[in-house]
Q: 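One structure follows; several queries about it will come next.
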There are 2 protein chains.
Amino acid sequence: MKVLVLDIGGSNVKMWMSGQEERTKFPSGPKFSPDDLRAGLEKHTTGWDFEAVTVGFPAPVVAGRLPNEPTNLGTGWVDFDFEKEFGKPVKLINDAAMQAVGCYEGGRMLFLSLGTGLGSALIVDHHVIGLELCDLRWSKNSSLESKLAKTERKRVGDDRWEKRFHSVVDLLRNALLPDSIVVGGGEAKYLQQLPEGVRRVDNRMALEGGERLWLDPGFRL
Amino acid sequence: MKVLVLDIGGSNVKMWMSGQEERTKFPSGPKFSPDDLRAGLEKHTTGWDFEAVTVGFPAPVVAGRLPNEPTNLGTGWVDFDFEKEFGKPVKLINDAAMQAVGCYEGGRMLFLSLGTGLGSALIVDHHVIGLELCDLRWSKNSSLESKLAKTERKRVGDDRWEKRFHSVVDLLRNALLPDSIVVGGGEAKYLQQLPEGVRRVDNRMALEGGERLWLDPGFRL
């Protein structure tokens with residue numbers, strides 16, 4: 001089965017199809033709308049031949065739907081019918097959850113994505129559970145995301161930011177009881193040392209995750 | 001199928017078997033050991049006829065096993081072989097998770113138990129995921145549990161404690177994206193007003209949950 005995978009992010013849309021060597025991308029941004037997506041797809045994927053689609057989306061996805069408009073893109077997404085657009089079956093999934101699927105190796109895995117913000121997902125025995133752990137509290141006036149965001153790394157420096165990451169990992173390990181923890185996202189490369197038992201993965205795992213959701217019937221969304 | 005359900009708590013062990021009208025209990029406590037359990041069972045359940053057992057235990061249970069000794073009971077539990085003891089198949093589950101199963105109605109449900117401490121579980125499409133959300137942060141120096149514990153209700157008064165509960169519910173709703181939230185535990189009765197969309201359940205749900213785990217093959221631990 002040939003799967004088209006889209007990873008819609010706040011800065012770019014990355015695209016890849018089963019069997020391709022390279023991924024393709026085009027810019028998104030804070031006003032990025034379904035019309036912009038349509039235009040980008042027409043420009044870049046015309047002639048691509050696929051049977052199914054996975055869309056990783058930077059917002060909570062509940063029961064395959066978007067309950068709210070994304071905070072980092074434009075509007076119109078809640079009512080956008082991806083299946084109608086593609087004319088193929090579509091799995092819509094949170095972007096961090098899609099990347100988590102790409103690097104899942106069994107058991108209870110916590111996935112954290114360090115990017116502009118903090119993405120998260122838990123996979124328990126192949127059951128993919130999108131979470132918004134970013135909203136948990138770090139202190140009375142700050143969230144986990146506000147302490148680990150890209151802007152904070154730049155503000156407080158890599159060392160302090162890394163210490164915070166280690167503390168957040170400890171916190172979430174105790175609360176969510178994972179067997180393994182994986183960190184990804186564009187900012188993960190700034191970690192000098194990883195907490196014990198944490199592994200780091202490449203962002204390309206997101207595209208593999210999108211394909212894997214169709215090829216491996218063991219996964220449950 | 002007749003199921004024996006044990007709900008081992010920090011103060012009591014509650015027991016019940018399918019078909020019984022009333023539950024039976026005997027005291028536990030901070031030194032309660034497997035030998036004490038054995039003695040209690042001999043005294044109270046001799047002659048009870050059951051085919052399977054569910055044990056709700058006040059500690060994290062990972063993959064059907066106890067990774068650590070409980071904090072509110074005595075020791076010897078990690079190596080205790082429940083199946084050998086009963087001579088019947090046993091499902092071992094965190095106590096809050098067992099109660100969550102008893103009141104599950106579908107979708108993604110967050111269960112919070114207000115007792116001596118704060119118990120929690122998430123059930124997603126009948127998949128039961130024990131959590132220790134008690135350890136999450138409320139502030140730099142306090143956990144969710146430390147702000148909602150029984151001793152805190154007594155210290156700050158019911159009104160302030162109830163406000164905190166509402167804030168914690170908001171926090172966890174945003175982070176874990178449940179469709180429904182249920183609160184149980186011995187302290188839940190002190191809540192005058194429940195947050196929107198939260199329902200309260202009786203502690204007996206724990207025993208029903210233990211039975212349901214065997215009777216309803218849809219549940220996954």
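Note that the structure is predicted; figures quoted are calculated from it, not measured. Computation of the quantities below employed the complete heavy-atom set of this structure, encompassing side-chain atoms and omitting hydrogens, waters and symmetry-equivalent molecules.
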Q: Has A/Asp81 got more than 12 heavy atoms of other residues, nucleotides or ligands less than 6.0 Å from its CG?
A: yes
Q: Between A/Leu133, A/Leu136, A/Val62, which has the largest tally of heavy atom pairs under 4.5 Å with chain B?
A: A/Leu136
Q: Name the member of B/Ile129, B/Leu172, B/Leu176, B/Leu122 that forms the most heavy-atom pairs with chain A at distances under 4.5 Å.
A: B/Ile129
Q: Considering only heavy atoms and a distance below 4.5 Å, find which of A/Glu132, A/Arg137, A/His127 pairs most often with chain B.
A: A/Arg137
Q: Relative to chain B, which segment of A/Val124 carries a heavy atom at a distance below 4.5 Å: side chain, backbone, both, or neither?
A: both
Q: Would you say the side-chain atoms of B/Ser167 and B/Asp170 include a donor-acceptor pair closer than 3.5 Å?
A: no
Q: Honestly, is A/Lys140 close enough over B/Trp138, meaning NZ or CZ under 6.0 Å from the six-membered ring centre and within 45° of the axis?
A: no
Q: Regarding B/Glu69 and B/Thr75, do their side chains bring together a donor and an acceptor under 3.5 Å, going by distance alone?
A: no
Q: Among B/Cys134, B/Gly130, B/Ala63, B/Pro60, single out the residue with the greatest number of heavy-atom pairs under 4.5 Å to chain A.
A: B/Gly130
Q: Ring centres of B/Phe219 and B/Tyr104 under 6.0 Å apart?
A: yes
Q: Please determine, by modelled atom types, if B/Gln192 and B/Asp158 share a side-chain donor-acceptor pair under 3.5 angstrom.
A: no
Q: Name the region of A/Leu144, side chain, backbone, both or neither, that has any atom closer than 4.5 Å to a heavy atom of chain B.
A: neither
Q: Which answer fits A/Asp179, side chain, backbone, both or neither, if we ask what part of it has an atom under 4.5 Å from a heavy atom of chain B?
A: side chain
